[in-house]
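Keep in mind it's a predicted model, so treat the numbers as computed, not measured.
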Amino acid sequence: MLAVAVLPPPPTTALVRPLPRSCASWGRWSSPTTSSHSSRERSGWRRGRSGGTVHPAMARPPILSVALPSDTGRVLSIQSHTVQGYVGNKSAVFPLQLLGFDVDPINSVQFSNHTGYPKFRGQVLNGDQLWDLIEGLGENDLLHYTHLLTGYIGSVSFLNTVLQVVEKLRSVNPDLIYVCDPVLGDEGKLYVPQELISVYQQKVVPVASMLTPNQFEVELLTGLRITCEQDGLKACNILHSAGPRKVIITSALIQDKLLLIGSYKKTEEPPEQFKIEIPKIPAYFTGTGDLTTALLLGWSNKYPDNLEKAAELAVSSLQALLRRTVEDYKRAGFDPSTSSLEIRLIQSQDEIKSPQVTCNAVKYS
């Protein structure tokens with residue numbers, strides 16, 4: 001049986017203050033009336049059961065994240081979710097909130113824990129269910145977002161619905177920034193059905209504002225094998241030509257160096273391109289790709305014309321968090337090199353909000 005939300009009764013002690021002009025479109029709530037009601041009732045007053053008490057019409061309260069938006073923005077984040085641990089939305093929402101964003105998460109899957117555990121249980125959202133949520137937001141004028149963030153998507157039908165969401169959100173806000181982490185796989189292993197690759201290539205990449213693939217994913221999207229830095233830069237240029245102005249290969253192992261390669265095409269001139277060498281930590285972590293994309297979204301919003309600085313802050317923040325994670329596992333008496341590790345997100349909030357830059361960008365000439 002569907003649950004029905006019930007509005008609270010109108011207040012009996014004070015008149016409701018009028019909404020400010022910026023919120024006037026929210027209108028006013030009043031109980032249904034009929035033609036037999038008095039003019040006072042039709043104007044929004046209602047008699048109590050005793051016949052003697054009257055109530056003013058109750059104003060529908062505004063959604064403050066819409067009526068009084070933050071300086072940073074309002075993000076719709078469509079990603080996976082786990083009850084325990086930090087991957088997908090669990091890894092992205094909190095950091096974005098710390099950086100000042102209002103974030104509305106939609107969980108593409110909801111699992112008990114990530115799939116690296118021996119067992120997991122949960123549910124998978126389908127495209128119709130996603131669109132139902134979007135329609136619900138639309139019916140209440142809640143679709144004005146500054147950013148859309150997407151991560152793991154497990155089916156072609158769901159990905160096609162995400163494309164409808166992009167179109168819908170841009171019909172409300174043409175300046176919407178779509179940050180896409182094309183989660184396809186890593187280290188030669190595909191995480192999703194093969195047919196998703198062509199959908200990303202042909203439909204998703206062209207509408208993305210920022211793309212954050214890893215090395216394996218950028219190879220799948222471009223068909224280009226990356227064996228040197230120039231290959232990485234060429235792959236970024238291929239993706240620029242398809243649509244996104246900002247492309248960041250979040251991790252690429254090239255000649256025994258772990259690199260982030262960034263590229264920002266501001267005009268018709270060649271893009272500004274750079275690299276950041278990432279210190280290697282002898283451990284494997286879950287949720288770091290989702291966190292990296294969230295941090296890149298957050299810092300690139302603060303520095304929209306300086307992708308290098310945004311990437312420096314994001315990488316430095318992530319490295320501080322990973323170092324803390326390793327240290328905490330060691331304190332608990334566990335060898336962090338022997339298994340995948342859950343990141344210490346909550347304990348690293350200072351490093352997320354105010355990172356010290358320890359990883360510097362180097363420009364390509």
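Contact check for L233 versus E229: no side-chain heavy atoms found under the 4.5 Å cut-off. Contact of the T325 side chain with the I281 side chain is not registered, since no non-hydrogen atoms from C-beta on lie closer than 4.5 Å. In this structure, V247 and N237 have side chains that are not in contact, with every pair of non-hydrogen atoms separated by 4.5 Å or more. Within the 4.5 Å cutoff, no side-chain heavy atoms of P95 are placed close to those of Q349. L259 is not listed as a side-chain neighbour of I278, based on a closest heavy-atom distance of 4.5 Å or more. Side-chain atoms of D181 and T150, non-hydrogen and from C-beta on, never get closer than 4.5 Å to each other. The shortest distance between side-chain heavy atoms of I352 and L295 falls below 4.5 Å.
For S263 and Q273, the side-chain atoms include at least one donor-acceptor pair closer than 3.5 Å.
Y117 belongs to no hydrophobic cluster with other residues, because no ILVMFWY side-chain heavy atom falls under 4.5 Å from its own, directly or through intermediates.
Taking the charged nitrogens against the carboxylate oxygens, R324 and D350 have no contact shorter than 4.0 Å, which rules out a salt bridge. Remark: D231 does not engage R225 in a salt bridge, criterion side-chain N to carboxylate O under 4.0 Å. Here R344 pairs with D328 in a salt bridge; the nearest charged N to carboxylate O distance falls below 4.0 Å.
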**Asked** Stepwise, does the side-chain contact (heavy atoms from CB on, under 4.5 Å) test hold for I106 with N89?
**Response** CA-CA 8 Å; I106 292 179; N89 270 331; 5.6 Å; no

**Request:** For L148 and I177, run side-chain contact (heavy atoms from CB on, under 4.5 Å): C-alpha distance rounded to whole Å, both residues' side-chain angles, the deciding distance at 0.1 Å, then the answer.
**Result:** CA-CA 6 Å; L148 171 65; I177 296 171; over 6 Å; no

**Message:** Between E272 and K266, is the salt bridge (charged side-chain N to carboxylate O under 4.0 Å, His left out) condition met? List the steps.
**Reply:** CA-CA 8 Å; E272 298 176 1; K266 295 182 180 180; 3.3 Å; yes

**Message:** If you apply the rule side chain to side chain donor-acceptor pair (under 3.5 Å), what do you find for S77 with Q79, and how did you get there?
**Reply:** CA-CA 6 Å; S77 180; Q79 301 196 61; 3.2 Å; yes

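One finds the CG atom of L296 at 4.0 Å from the CD1 atom of I248 (value rounded to the nearest 0.5 Å). For the atom pair L322 CG and E327 CD, the distance stands at 11.0 Å (nearest 0.5 Å).
For residues 69-98, there are no ring-ring contact (aromatic ring centres under 6.0 Å, His included) pairs, not counting sequence neighbours. Applying the ring-ring contact (aromatic ring centres under 6.0 Å, His included) test to residues at least two apart or on different chains, the pairs with a partner in residues 140-187 are F101-H147. Within the structure, side-chain hydrogen bond (donor to acceptor under 3.5 Å, both in side chains) pairs that include any residue of residues 194-206 do not occur (at least two apart or interchain). Sequence neighbours left out, not one pair with a member in residues 246-255 passes side-chain hydrogen bond (donor to acceptor under 3.5 Å, both in side chains).
Using modelled atom types, one side-chain atom of N140 and one backbone atom of G136 make a donor-acceptor pair closer than 3.5 Å.
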Would you list the atom pairs, donor with acceptor, under 3.5 Å between side chains in residues 306-313 and any protein atom, with sequence neighbours excluded?
| from | atom 1 | to | atom 2 | distance (Å) |
| --- | --- | --- | --- | --- |
| N306 | OD1 | K309 | N | 3.1 |
| E312 | OE2 | A361 | N | 2.8 |

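Of the candidates V218, T293, L297, L149, T212 forms a side-chain contact (heavy atoms from CB on, under 4.5 Å) with just one, namely T293.
Within a 6.0 Å radius of NZ in K119, other residues, nucleotides and ligands contribute 12 heavy atoms or fewer.
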